[in-house]
Number of protein chains: 2
Amino acid sequence: MREFLKTKGFKMTPQRELIFRSFFELTDHVSVDELYIKVRKKDSSIGYSTVWRNLKLICKVGLAEEVNVGDGITRYDHITKVPHGHLFCINCKKLIEFNVEQIIAILAQTASDKNFAPESFKIEIQGYCEECSKDNKSDSNGFSQKQQKLN
Amino acid sequence: MREFLKTKGFKMTPQRELIFRSFFELTDHVSVDELYIKVRKKDSSIGYSTVWRNLKLICKVGLAEEVNVGDGITRYDHITKVPHGHLFCINCKKLIEFNVEQIIAILAQTASDKNFAPESFKIEIQGYCEECSKDNKSDSNGFSQKQQKLN
DNA sequence: AGTCTAAATGAAAACGACTTTCATTTTCAA
DNA sequence: TTGAAAATGAAAGTCGTTTTCATTTAGACT
Ligand SMILES: [Mn+2]
Ligand SMILES: [Mn+2]
Ligand SMILES: [Zn+2]
Ligand SMILES: [Zn+2]
């Protein structure tokens, strides 16, 4: 990692080492706050902005990507060999990944048809995950209190 | 419109009338600010929050939907009979729509496979539109100054 | 090992789109 | 006409993100 960053003109520091390690040992889609909290447990002197800057850096060097599902919180997603889409649970905020190779093929054709030069694709399904659907079977309307915040 | 809103328990006002009219005579994806500016030209006393609240209302009664492409600005999209996806130009911020019926079918199957109860689908391609690709052919790196804000 | 410069850090402040509050006005059913 | 509920506009508040700035540190080069 140190070498990889060096080739891109960046330096290694203890804070950066810890932030990178912490990010890469997770598999899920983490927000700045979540990673900040995790990192603080190992070194409580690390600043929020350092975590933020390093997540940006991880993206800049091509090892992650920002994901925005419209809830106002930016999450950081590991790049996968095969492109994937997201199932986002509106209730528990869980993000589940799924393969989108077939869909990307269709989208690439669509873009081409419209002389649009694609840089990235976003495929997302919002709804309720298996557990959240189950948990609320008993409810009158099928959903929990938490989900009732509808207006 | 007045009648439609009345059945949903909302009142009509001159401001609301103007905001609704202004929104529906546009076909594109407008932000609060954009509609606010447009509406102000007809009635400069209308407040920003009134425009905001009425865009929310239009969504609530099912005539529009919020669209978030990750640039931090919420846009308001007219509901179409057939579901559509978006081509978002990173350069000029234009949103172009395209049919996604075939893709939705695939996604519905995917959700079903994972016991996920879908509420909505988001299909988006980010890249450069025809004009923005053309405009920069001559540039050394293929893109304009504006697009160079890369770090 | 010592020096130097660019990069990195942490705390705090700034930013900016969105949302809420509150006093006042307006709609519309009775 | 009247009164309750809804709507409005200005201002303030919220909150995640981003920048600023003084200080420290990494690492290249003597
Ligand atoms: Mn992902
Ligand atoms: Mn649209
Ligand atoms: Zn869930
Ligand atoms: Zn464009």
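Labels below follow one simple rule: chain letters A, B, ... track the order of the sequence lines, proteins then strands, and each chain is numbered from 1.
When only modelled atom types and interatomic distance are considered, B:Glu66 and B:Tyr76 share a side-chain donor-acceptor pair under 3.5 Å. For the 3.5 Å distance criterion, the side chains of A:Glu17 and A:Gln15 fail to qualify, holding no donor opposite an acceptor.
Checking each of B:Ile103, B:Ile104, B:Asn99 against B:Glu101 for a side chain to side chain contact (heavy atoms under 4.5 Å, CB included) leaves exactly one that passes, namely B:Asn99.
The side chain of B:Lys56 places no N or O atom within less than 4.0 Å of a non-bridging phosphate oxygen (OP1 or OP2) of C:dC18. Distances shown here put every side-chain N or O of A:Thr74 at or beyond 4.0 Å from the OP1 or OP2 atom of D:dG16. The phosphate of C:dA11 has neither OP1 nor OP2 within less than 4.0 Å of any side-chain N or O from A:Ser49.
Per the geometry, OH belonging to A:Tyr48 stands 13 Å off C1' belonging to D:dT19, to the nearest Å. Between A:Lys60 atom NZ and D:dT18 atom P the separation is 13 Å, expressed in whole Å. In this structure, B:Asp71 atom CG and C:dA17 atom P are separated by 10 Å, rounded to whole Å. Rounded to an integer number of Å, the gap from CG of A:Asn68 to P of D:dC15 is 18 Å. Here the C1' atom of nucleotide C:dA17 and the CH2 atom of B:Trp52 are 11 Å apart, to the nearest Å. One atom, CG of B:Asp43, and another, P of C:dT25, lie 17 Å apart when rounded to the nearest Å. A straight line from CD of B:Glu3 to C1' of C:dA29 spans 13 Å, rounded to a whole angstrom.
The pair B:Glu65-B:Lys122 does not meet the salt-bridge criterion, since no charged nitrogen lies less than 4.0 angstrom from a carboxylate oxygen. We find that B:Glu3 and B:Lys6 are joined by a salt bridge, their nearest charged nitrogen and carboxylate oxygen being less than 4.0 Å apart.
Summarising the geometry, atom NZ belonging to A:Lys60 is positioned 11.0 Å from atom CG belonging to A:Asn54; distances are rounded to the nearest 0.5 Å. For the atom pair A:Phe24 CZ and A:Met1 CE, the distance stands at 6.0 Å (nearest 0.5 Å).
Of all the residues in residues 24-40 of chain B, not one reaches under 4.0 Å from DNA chain C with any non-hydrogen atom.
Taking the six-membered ring where the residue is Trp, the centroids of B:His78 and B:His29 are separated by 6.0 Å or more.
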In B/S/- notation, 5' to 3', how is nucleotides 3-8 of chain D contacted by protein heavy atoms closer than 4.0 Å?
--BSSB

Starting from the C-alpha separation in whole Å, work towards a yes-or-no answer on salt bridge (Lys or Arg N to Asp or Glu O under 4.0 Å) for A:Glu34 and A:Arg75.
CA-CA 9 Å; A:Glu34 286 166 350; A:Arg75 278 169 253 261; 5.0 Å; no

